[in-house]
4 protein chains.
Amino acid sequence: MSHYYRLVVSCPDRRGIVARVSGFIAGHGGSITEASQHSDLETGRFFMRYEILADSIGMTGQELRDAFEPVAREFDMQWALRDTRHPPRVVVMASRERHCLVDLLYRWTAGELEGDIVGVISNHDDMRSLVEWHGLPYHHVPVPSDDRASAFAEVERRIEALGADTVVLARYMQILPPAVCQRYAGRVINIHHSFLPSFAGARPYHQAHARGVKLIGATCHYVTEELDAGPIIEQDIHRVSHCHTADDLVRFGRDVERAVLARGLRWHLEDRVLIHGNKTVVFA
Amino acid sequence: MSHYYRLVVSCPDRRGIVARVSGFIAGHGGSITEASQHSDLETGRFFMRYEILADSIGMTGQELRDAFEPVAREFDMQWALRDTRHPPRVVVMASRERHCLVDLLYRWTAGELEGDIVGVISNHDDMRSLVEWHGLPYHHVPVPSDDRASAFAEVERRIEALGADTVVLARYMQILPPAVCQRYAGRVINIHHSFLPSFAGARPYHQAHARGVKLIGATCHYVTEELDAGPIIEQDIHRVSHCHTADDLVRFGRDVERAVLARGLRWHLEDRVLIHGNKTVVFA
Amino acid sequence: MSHYYRLVVSCPDRRGIVARVSGFIAGHGGSITEASQHSDLETGRFFMRYEILADSIGMTGQELRDAFEPVAREFDMQWALRDTRHPPRVVVMASRERHCLVDLLYRWTAGELEGDIVGVISNHDDMRSLVEWHGLPYHHVPVPSDDRASAFAEVERRIEALGADTVVLARYMQILPPAVCQRYAGRVINIHHSFLPSFAGARPYHQAHARGVKLIGATCHYVTEELDAGPIIEQDIHRVSHCHTADDLVRFGRDVERAVLARGLRWHLEDRVLIHGNKTVVFA
Amino acid sequence: MSHYYRLVVSCPDRRGIVARVSGFIAGHGGSITEASQHSDLETGRFFMRYEILADSIGMTGQELRDAFEPVAREFDMQWALRDTRHPPRVVVMASRERHCLVDLLYRWTAGELEGDIVGVISNHDDMRSLVEWHGLPYHHVPVPSDDRASAFAEVERRIEALGADTVVLARYMQILPPAVCQRYAGRVINIHHSFLPSFAGARPYHQAHARGVKLIGATCHYVTEELDAGPIIEQDIHRVSHCHTADDLVRFGRDVERAVLARGLRWHLEDRVLIHGNKTVVFA
């Protein structure tokens, strides 16, 4: 199967960026199979993502990076070039609700996620059998309320030991300590079970039911130190009515959550999500 | 064309209500063409709405009301019986944005609304020609910031003179005084240009843009004294992305607003919306 | 936990049905927790579904059936009364695509389906481990193209041995013989991977891709002898664009299929789906 | 207000196109504000659309065209360069249903459409007042069934006299003769009131109602000689149930039709729609 070099760039907008980058790639014989750009007129920032057929360029990823470095400097770029032969390593964190985990495991085995799930960490032991059936290590790290610090130190060691590039909070229901948020900034993805910014915090479906909304939602976002306030990657909703109890909302919500998380994670793993302040550019 | 008696009931839930009411109607030879019920298990309240073919009952609306009164008392009902030959009178209030007004006028002339629009009140004169082309009186009542009290006294006089059963705030952009909210409680419908409870208050699309949400929405609700906090009738959303400016959100929002307002108003006029505390039962 | 008697009725429409049935239930002290009715004005047929709290009636299901029989006869009803303590037995048939099966198994274990999955039959052996991990028997019945008759005789024996009330074709990819369709009429549910009636038959996503549609869909329907033409229970869609290959459509489609099948099956198992000629009444 | 040069290109895909085109624009000092590309891997065809801030280039549109000609030849491009100061001229054709026309007129006056509506042609006289109120000429051209040829000759003369770049069939309900379809190929947009390819031809909502579908839809497409079979620009749907009569479907459908037509037309007028065989590339 073909592999690709994926170039992702963000820089101050100015004339000639596309010409320079596409000229660079064409100059090396590169064949671009997918190209996306965005100029943010408010902030004057430019974003781009190119997929380049690796075989069309007679260079390794590192050689291409070295060659591109001067271009990047010239335009003051934040950038990355990834070789799709090295998929990101994903650690999933879960608690007792298993719908998101079941869904991610299914999608991973079905080849829908461009990443390798390398392990699951949970504060409960409930899903060991499910996870191990998928051939993955299951790390049970309890989080006692009187010793969260040690627990999260252990969580962090496990994440590191698993070599995680991306951490997914698949209804983990625990708030990560600020240090972890900072260390893995832009690499921890959460699914919040409301249509943010409505109903941040605890028991959002019960809040939604009490308010009598006619649509409930879910939000996939990057985790930052401020709870439920990080850059939003994806959202979706489900229609509800007076017939539905808070439990019905929870049930509908499960479907929305897993769909929204899966889309958000997929885009993240394909380098389609660029963080822009507290917002995202998503080249979906 | 056939006309109907429409019976709407809310009462404490207990056994035998449906049997009693449907038995009453059957006993008078009444033919029920549409029936909806809802038992709210949390609050123990029961709601129902019946459409009865008027010709199937040899009684006037008032006679039917008199006959039903003992049943209503027996079950401690809040209830109403309306004859569809007497459609509600609707006053629309608008400001400078005309998308909702244009849409309501179109739907009214197309026969989509079971009510009579009897006049338009606006704090600007911009839409006089449009409204008068539809054969409706246009009341220009400016609302100077230093004399809102007189202005709203005038507004209230006009609403009363027009004999309004329902008042629609079609992007009126002014906050009604508490006295008007109370006087017309359950009969003033507003369209708010966000997915409440997110982004209550001013400039919701700009708030949404700043937060970087991936869906924007609109909410049709009854007006209460607390701003944007009344019972929600209907909501809907539109997908947006990083490509869209705040102005694009405003534009998409117009489509959502007019659709949501039209659905909410239609259901209200057909007696499909029952207020239940700060929530609604909608027999759509 | 409470259990319910669920009464489902279809009969020629005439005055007094609701009064008679609700009077019957009230007369036995029955407490109705959910009630739905529909009068089809075109065909003059009436449909109703009542959920009755079993404890509110001092009778067994059979006693209640016996007592209701005269009412049913009087109104020429097709009817059933089910005790929710006896959930329907469900046999799932699958082939090589596992997304629908994985989803149904998850929902079943999560308590979302009011029925017992009692076994899986497949023409391939691929999903044995998955199914057996869920503690269910897996029946591998190959369907050789030169001896389909024997294969389906075997399939039918297995369905019967499993005591199936409902058979779900979860992307089974084989056409059931007419005899099976007839024998299990109204009890075999299929998920078709297109928005019927568009793209009936084989490879619908490739047909959709070739036509350049902007939305793809899936359809859950009862199986009849005519391929993909039975009564539709539920449909949904997913937006696509020129960016998407036929393989992308297949991938999006999997999400739509499993969601639509799950909703359709759930409603069927809760006796919410009444067949009306080649259409359905769905009291969702 | 800024104006733009809009460059739209389709050509055989090969390396270096983006580099050559963006290099050409950068070489002339051009500032690209929006860029979209698509490589169709199946057909090996490449599509692109650039918005270039006109002030950033010291050339007229014609000078820019002349300068680009050699590039276009080199890559065997089908291409166009449009100056947004010259918006396309739009003729709307309607019959008796006015929802699409009302909506287009509203959007045009609201500045949502990047084009000038220059006149309305109808086979009925019903909407003269509405159209003239908007300050537009109304051409009543009856289409008698026994002399369609003369009628359409007259229609064609009017279209030509109005200098139409784009013709919109806003529920015109008449089939254009092949000669007109050919002459205005890629410039006549129709709204069909079904989710094509389902229910092509007459009375699609009644067909949909008879089939018992759970979603109805509308399709905006380019008109070709084959009825309802041209390249699809946009589609959308609305959920329906057993409660809804064929008339309800017609009513819901009006909302979908006008939304879908408005989106399709907007994209067409902004040069976002590129025809690719019987499909479209839509840079929405």
Side-chain angles (χ1 to χ4, degrees), chain C residues 36-43 45 47 194-200 204 207-222 229-247 260 263-264 267 272-284, chain D residues 36-43 45 47 194-200 204 207-222 229-247 260 263-264 267 272-284:
Chain C
S36 311
Q37 295 94 31
H38 173 62
S39 296
D40 191 87
L41 301 179
E42 283 170 50
T43 58
R45 196 147 182 98
F47 304 85
S194 86
F195 184 79
L196 290 173
S198 289
F199 312 128
Q207 293 182 54
H209 184 65
R211 179 61 187 92
V213 294
K214 300 299 183 184
L215 304 170
I216 55 163
T219 303
C220 176
H221 64 95
Y222 288 110
I232 293 171
I233 305 171
E234 172 65 339
Q235 302 186 290
D236 213 339
I237 54 93
H238 192 283
R239 191 162 281 276
V240 298
S241 82
H242 62 271
C243 300
H244 300 120
T245 62
D247 283 349
V260 168
R263 284 205 293 273
W267 294 334
R272 295 182 183 280
V273 190
L274 288 75
I275 295 177
H276 179 207
N278 201 41
K279 301 165 73 168
T280 60
V281 170
V282 180
F283 292 128
Chain D
S36 311
Q37 296 94 31
H38 174 62
S39 296
D40 191 87
L41 301 179
E42 282 171 48
T43 59
R45 197 146 183 99
F47 304 85
S194 86
F195 184 80
L196 290 174
S198 289
F199 311 128
Q207 293 182 54
H209 184 65
R211 179 60 186 93
V213 294
K214 300 299 183 184
L215 304 170
I216 56 162
T219 303
C220 176
H221 64 96
Y222 288 111
I232 293 170
I233 305 171
E234 172 65 341
Q235 302 187 290
D236 213 340
I237 54 94
H238 192 284
R239 192 161 280 276
V240 297
S241 82
H242 62 271
C243 300
H244 300 119
T245 62
D247 283 350
V260 167
R263 284 205 293 273
W267 293 334
R272 295 183 184 278
V273 189
L274 288 75
I275 295 177
H276 179 207
N278 201 42
K279 300 164 72 168
T280 59
V281 170
V282 181
F283 292 128

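Side chains are part of it too, since the values below use all heavy atoms of this structure and drop only hydrogens, waters and symmetry mates. Chain identifiers are assigned alphabetically (A, B, ...) following the order of the sequence lines, protein sequences preceding nucleic acid strands; residue numbering begins at 1 within each chain.
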Interface moiety of C:Glu42 toward chain D, non-hydrogen atoms closer than 4.5 Å: side chain

Interchain contact, C:Leu41 with chain D, by part (heavy-atom threshold 4.5 Å): neither

Nearest heavy atoms of C:Asp236 and D:Leu215, plus distance in Å: CA-CD1, 3.7 Å

Chain C interface, residue from D:Ala229, D:Pro231, D:Gly217 that has the most non-hydrogen pairs under 4.5 Å: D:Ala229

Side-chain touch D:His276/C:His242, heavy atoms, less than 4.5 angstrom: no

For C:Phe195 against D:Ser198, the heavy-atom pair lying closest together: O-OG, 4.0 Å

Part of C:Ser39 lying under 4.5 Å from any heavy atom of chain D: neither

Under 4.5 Å from any heavy atom of chain D - which part of C:Ala284: neither

Approximate separation, where rounding is to 0.5 Å, of D:Phe283 CZ and C:Ser241 OG: 9.5 Å

Closest contact, heavy atoms only, D:Arg211 versus C:Gly230: NH2-O, 3.0 Å

Sidechain-backbone polar pair: C:Lys214 side chain, D:Thr219 backbone, donor-acceptor under 3.5 Å: no

Rounded distance [0.5 Å steps], CD in D:Glu234 versus CZ in C:Arg239: 4.5 Å

Region of C:His244 in contact with chain D, defined by heavy-atom distances below 4.5 Å: neither

Heavy-atom pairs under 4.5 Å with chain D, option from C:Leu196, C:Val282, C:Asp40, C:Asn278 with the top count: C:Val282

